[in-house]
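Following: one structure in structure tokens, then a few remarks.
Naming: A, B, ... by sequence-line order, numbering from 1 per chain. We use all heavy atoms of the structure for the numbers below, so side chains are in, but hydrogens, waters and symmetry mates are not. All of these numbers come straight from a predicted model, not from anything done at the bench.
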Protein chains: 2
Amino acid sequence: MTKEEILIIDDEPQIRKLLEINLESNGYKVTQASDASMGIKLAASHPPDLILLDIGLPDKNGLEVLKELRAWFNHSIIILSVMDDEESIVQGLDNGASDYVTKPFRANELLARIRSCLNRNKTVDHHTALKFDNIQIDLIARTVKNNYEIIKLTTTEYKLLILFAQNQGRVLTHQYILKEIWGVGYQNDTQYLRVFVGTLRKKIELNPNKPTHIITESGVGYRFN
Amino acid sequence: MTKEEILIIDDEPQIRKLLEINLESNGYKVTQASDASMGIKLAASHPPDLILLDIGLPDKNGLEVLKELRAWFNHSIIILSVMDDEESIVQGLDNGASDYVTKPFRANELLARIRSCLNRNKTVDHHTALKFDNIQIDLIARTVKNNYEIIKLTTTEYKLLILFAQNQGRVLTHQYILKEIWGVGYQNDTQYLRVFVGTLRKKIELNPNKPTHIITESGVGYRFN
DNA sequence: GTCAATTCTATAAAGATTTTATAATGAATC
DNA sequence: GATTCATTATAAAATCTTTATAGAATTGAC
């Protein structure tokens, strides 16, 4: 399995270092930002699986940063803060933080809370094998079979298929798919998506001209069956 | 909307009372159990949306209760505990607790953490589905079924249907519909509307010549049933 | 009430526009 | 050096707009 990525946004170098050592020794990949604007940029260009957000940053109000991130970032955000008052905690949680941990924090507790957050969205992954008629997806092995024969998918094709498979039956808009696969900033590059849906169809559809799995919803997006 | 249900499992009557008052005044429905076996039974017979679990129960080890619940209970479980040591917290979280709050707790913080937990699964659970005889509308999936078969609607047709469905029984004037779907400036293009009501009827009416869903109110507009 | 004139409505179909699929080419990555 | 991705071009398909026409409903004079 590929390492889970955690983005640390904190202005104190010692804290970042401490977190980095702790997280890396627990098998996470770590990226860092020393202020809000850099953090937001990093998160947008390369979305991590979880963000550790110091709420007391020098360049921007912490709650604003949280709101800004929450406008598009769906994974967990854990707030780190020296503020222990009830009001701050309530505000943080009500604005979309997944958890609120006060500094100084206890390393193992923080790690447990990180694990808890990362596990939340994993229930879907637990069915390690997804099946849709002729195609079978093994999430652990990262293999896809079409009629019991393993087919080769590129990284992007695979991500796309997983996204479809995990949202079976729902219409996913172009924008949403582009955001999930290519990242924020690519929402208008619908053409990318078309090209990749095309190649995916060639690989998983029995008759790519008459797709039964990836249904186009004209003017909106695609739906997976 | 129907009230969300919270189950309190705690052996101290004062705590239960305090929680009950707090939760009910915040719009939750509360059920209570004073020991583990009663709590598990209650949760099984009538699953709540969230469980507040005291980890120090007299009749059973707290972690055991948690594991037992987690074997089948997928909603959130928040642990309440007097134990503030790191080891207990880590154990609680790693065994599936959604959060761990130490006693004495601060009421508003607990409420915020409850809100946070309840919000987590909301997008997934609440499949907003509208139903009118033969037709079913799933607003999240953006799909429409006629007699359990998905039918294809264009963007405009879909918008129109949603507008109708959300104003069931009311007469909507041509002008109003045109403004809502096509925008200001199209209020006089009644012909657009006629064409689209026509195609919609073909797709959702059992007998498009004798429409039962989209009723024309001559000289005024349409009404949806 | 009846009947014709008028207005309103339904539907088909052609034209315009938007959206989609696909191939192909150069750039980037490994 | 091969694979994968980004980007452009273009043809095909889907959707929307618009026009034409026939049928239904409404109105008002008798």
TODO: Consider only side-chain N and O atoms of A/Asn147 and A/Asn134, and report whether a donor and an acceptor are under 3.5 Å apart.
DONE: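 On atom types as modelled, these side chains do not qualify, holding no pair under 3.5 Å.
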Open item on the list: Would you say the rings of A/Tyr222 and A/His174 are close, in the sense that their centroids are separated by under 6.0 Å?
Closed with: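 Yes: the rings meet the under 6.0 Å criterion.
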TODO: Could you tell me whether A/Lys103 and A/Glu12 make a salt bridge, using a distance below 4.0 angstrom between a side-chain N and a carboxylate O?
DONE: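 Salt bridge: yes.
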Task: A/Lys29/A/Glu4 salt bridge by N-O under 4.0 Å criterion - done: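 Salt bridge between A/Glu4 and A/Lys29, a charged N being under 4.0 Å from a carboxylate O: no.
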Side-chain N or O of [X] less than 4.0 angstrom from OP1 or OP2 on [N]?
X	N	answer
A/Asn209	C/dT22	yes
B/Trp182	D/dT17	yes
A/Tyr222	C/dA21	yes

- [ ] Give a yes/no verdict on a cation-pi contact between A/Arg170 and A/Phe224, requiring under 6.0 Å between NZ or CZ and the six-membered ring centre and an angle within 45° of the axis.
- [x]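 Because its charged atom misses either the 6.0 Å distance or the 45° angle limit, A/Arg170 does not stack over A/Phe224.
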Open item on the list: Check this for me: B/Asn74, atom CG, are more than 12 non-hydrogen atoms of other residues, nucleotides or ligands nearer than 6.0 Å?
Closed with: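 Counting other residues, nucleotides and ligands, CG of B/Asn74 stays at 12 neighbours or fewer.
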Open item on the list: Is it true that, when you exclude B/Phe132 itself, more than 12 heavy atoms of the residues, nucleotides or ligands shown sit nearer than 6.0 Å to its CZ?
Closed with: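 Yes, the 6.0 Å shell around CZ holds more than 12 heavy atoms from other groups.
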Given atom [atom1] of [X] and atom [atom2] of [N], what is their separation to the nearest angstrom?
X	N	atom1	atom2	answer
A/Arg201	C/dT20	CZ	C1'	9 Å
A/Ile215	D/dA13	CD1	C1'	15 Å
B/Phe196	C/dT9	CZ	C1'	17 Å
B/Leu193	D/dT17	CG	P	12 Å
B/Ile214	C/dT9	CD1	C1'	14 Å
B/Lys203	D/dA14	NZ	C1'	10 Å
A/Arg194	C/dT22	CZ	P	12 Å
A/Leu178	C/dT19	CG	P	15 Å

Open item on the list: Near DNA chain D, counting only heavy atoms under 4.0 Å, which residues of residues 151-165 of chain B show up?
Closed with: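 Result for residues 151-165 of chain B: B/Thr154, B/Thr155, B/Thr156, sorted by number.
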Open item on the list: Is it the case that the base of C/dT22 and the side chain of A/Gln191 share a donor-acceptor contact (distance under 3.5 Å, atom types as modelled)?
Closed with: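 When only heavy-atom distances are counted, A/Gln191 does reach the base of C/dT22 through a donor-acceptor pair under 3.5 Å.
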TODO: State which of C/dA21, D/dA14, C/dT22 makes the closest approach to the side chain of A/Val195.
DONE: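 When the side chain of A/Val195 is considered, C/dT22 is the closest of C/dA21, D/dA14, C/dT22.
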